[in-house]
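Presented below is the structure to which this report refers.
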Amino acid sequence: MKPTERFKRRYISFSLSLSGNPPSYNEAKEMVHAHFLSFFGEGGISSLAFKLVKYDAQSGRGILRCERSRADEAIFCMACLSEWKGAPARLEPLSTSGTIKRL
Amino acid sequence: MDIVRFEPTGKEGAGRALPVSSLSNFFDAANALAAKQLCRKKFALVHPSGYEIDDGDLLELARAGGAVVFSLSDVVSERGFRRAIIISKMRLLLSACRKRGTGFVFATLAKDASQMRSARELSAFAAVLGATDVERKDAEKRMAGIATASTKPKSGKPNSPVQVGK
């Protein structure tokens with residue numbers, strides 16, 4: 001596929017906390033995937049080009065990928081996370097970039 | 001700039017958050033009838049809980065120099081289908097505001113510090129509701145104007161009008 005035909009990507013760095021502490025990698029992956037799936041649905045996720053690129057369980061920081069024109073929707077979705085399995089949770093977007101290196 | 005429902009301390013960004021208690025022109029409209037009466041008040045900031053205001057009332061609100069408040073916490077507090085419904089209602093109301101020339105602002109109306117959100121998240125919220133870049137900037141300017149007006153000493157008159165954009 002030609003580069004012009006691919007999804008135009010945006011990378012969003014985020015900070016994740018569950019009850020004030022950074023969750024483990026598996027828990028974070030489950031949380032982020034379940035929340036995005038609940039918000040966008042299966043069709044929405046496919047057109048969003050969503051992917052959890054990186055997550056550091058020590059700092060609670062990570063990077064996710066989305067389609068360029070839908071970065072605002074992805075950030076709004078992140079803002080909508082307030083609890084996970086009864087515990088207070090926060091998925092805070094930090095910065096947005098077209099490359100992982102610049103984040 | 002943001003409007004919140006609690007008294008923020010320095011730690012929670014007091015410079016950025018404006019408590020509802022400091023705004024004499026902020027009103028919660030429990031239903032469409034209440035909103036109808038509130039839309040006649042000069043420079044009123046109306047937060048309709050159901051996001052249903054008639055077009056005629058929006059026209060009156062525009063004439064009175066008021067604005068509609070869209071709250072992010074209304075979306076965050078709901079889940080699933082009910083969240084989808086409230087976003088849909090907000091989109092329709094924003095479209096009606098644009099049609100009638102009524103001003104609007106975006107705020108979190110957070111009840112505590114954990115419900116507060118960043119300016120980027122508020123901007124994304126506005127974009128999801130269908131606000132253009134220009135409208136988002138206008139809403140931010142209007143919010144800054146509200147903050148300036150609310151810090152002025154009260155003289156028994158309503159807060160000074162906030163003229164933005166047009």
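Residue numbers begin at 1 in each chain, while the letters A, B, ... track the order of the sequences.
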Would you say R90(A)'s side chain and S114(B)'s backbone share a donor-acceptor pair under 3.5 angstrom?
-> no
Do the side chains of L64(A) and Y11(A) join up, straight or via other hydrophobic residues, at under 4.5 Å, putting them in one cluster?
-> no
Do V69(B) and L61(B) share a hydrophobic cluster (ILVMFWY, side-chain heavy atoms under 4.5 Å, transitive)?
-> no
Tell me, side chain or backbone of I87(B) under 4.5 Å from chain A's heavy atoms, or both, or neither?
-> side chain
Given side chain to side chain contact (heavy atoms under 4.5 Å, CB included), test I75(A) with F125(B) step by step and report yes or no.
-> CA-CA 8 Å; I75(A) 290 171; F125(B) 170 52; over 6 Å; no
Within 6.0 Å of CZ in R40(B), more than 12 heavy atoms from elsewhere | yes
Below 4.5 Å, heavy atoms only, C-beta onward: do C80(A) and R83(B) meet side chain to side chain?
-> yes
Going by an N to O cut-off under 4.0 Å, is there a salt bridge joining R120(B) and E92(A)?
-> no
What closest approach, in Å, do A79(A) and R117(B) show between heavy atoms, and which atom pair accounts for it?
-> O-NE, 2.8 Å
Here the gap from R136(B) atom CZ to D72(A) atom CG, rounded to the nearest 0.5 Å, amounts to 5.0 Å
Applying the 4.5 Å side-chain criterion to the ILVMFWY set and letting contacts propagate, would F104(B) and V75(B) be lumped into a single cluster?
-> yes
Heavy atoms under 4.5 Å from chain B: which residues of residues 41-63 of chain A carry them?
-> none
F76(A) and L122(B), any side-chain heavy atoms less than 4.5 Å apart | no
Linking I/L/V/M/F/W/Y whenever their side-chain heavy atoms sit closer than 4.5 Å, directly or via other members, would L45(B) and M143(B) fall into one cluster?
-> yes
Find out if a path of hydrophobic residues (ILVMFWY) with successive side-chain heavy-atom gaps under 4.5 Å connects F106(B) to L93(B).
-> yes
